[in-house]
**Student:** 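Pasting in a structure now, in structure tokens, and then I'll have a few things to ask.
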Amino acid sequence: MTNPRAKGALALLADKMRSEQGQGTVEYAVVLTGVLCAVMGLGALAKAMGEGLFVEHALMSASHHLQLVALGSVADIFAF
């Protein structure tokens with residue numbers, strides 16, 4: 001024969017094991033991590049734009065810049 005108190009204690013323990021109390025905390029931590037990564041990425045992008053990094057890169061790869069470099073390359077080829 002099983003003690004009724006033992007059955008009650010086992011049922012209570014089984015209910016605690018099936019509890020979903022921590023699931024909300026874990027989901028919050030995962031979502032918060034994703035949001036913080038997105039905010040940090042946008043911050044880095046804004047800083048790069050503020051420093052003119054993209055404009056500088058565009059100017060360096062512009063066609064008029066390459067024409068100046070190409071003249072020196074042609075001279076090097078013919079001098080070889």
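The first residue in the sequence is number 1, and the count goes up from there. Since this is a predicted model, take the numbers as computed values, not measurements.
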**Student:** So, using side chain to side chain donor-acceptor pair (under 3.5 Å) as the criterion, who are the partners of Glu27 when residues are at least two apart?
**Tutor:**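 Counting only residues at least two positions away or on another chain, Glu27 forms a side chain to side chain donor-acceptor pair (under 3.5 Å) with Gln23.
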**Student:** Residues in side-chain contact (heavy atoms from CB on, under 4.5 Å) with Val39, at least two apart?
**Tutor:** Val35
**Student:** Determine, using the 4.5 Å side-chain heavy-atom cutoff (strictly less than), whether Leu36 and Tyr28 are members of one ILVMFWY cluster.
**Tutor:**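 Per the 4.5 Å side-chain linkage, Leu36 and Tyr28 are co-clustered.
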**Student:** Look up atom CG in Leu42 and atom NZ in Lys47, then write down how far apart they are to the nearest 0.5 Å.
**Tutor:**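 Here the interatomic distance stands at 15.0 Å.
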**Student:** First locate atom NE2 of His57, then atom CG of Leu53, and finally report the distance between them rounded to the nearest 0.5 Å.
**Tutor:**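 Those atoms lie 8.5 Å apart.
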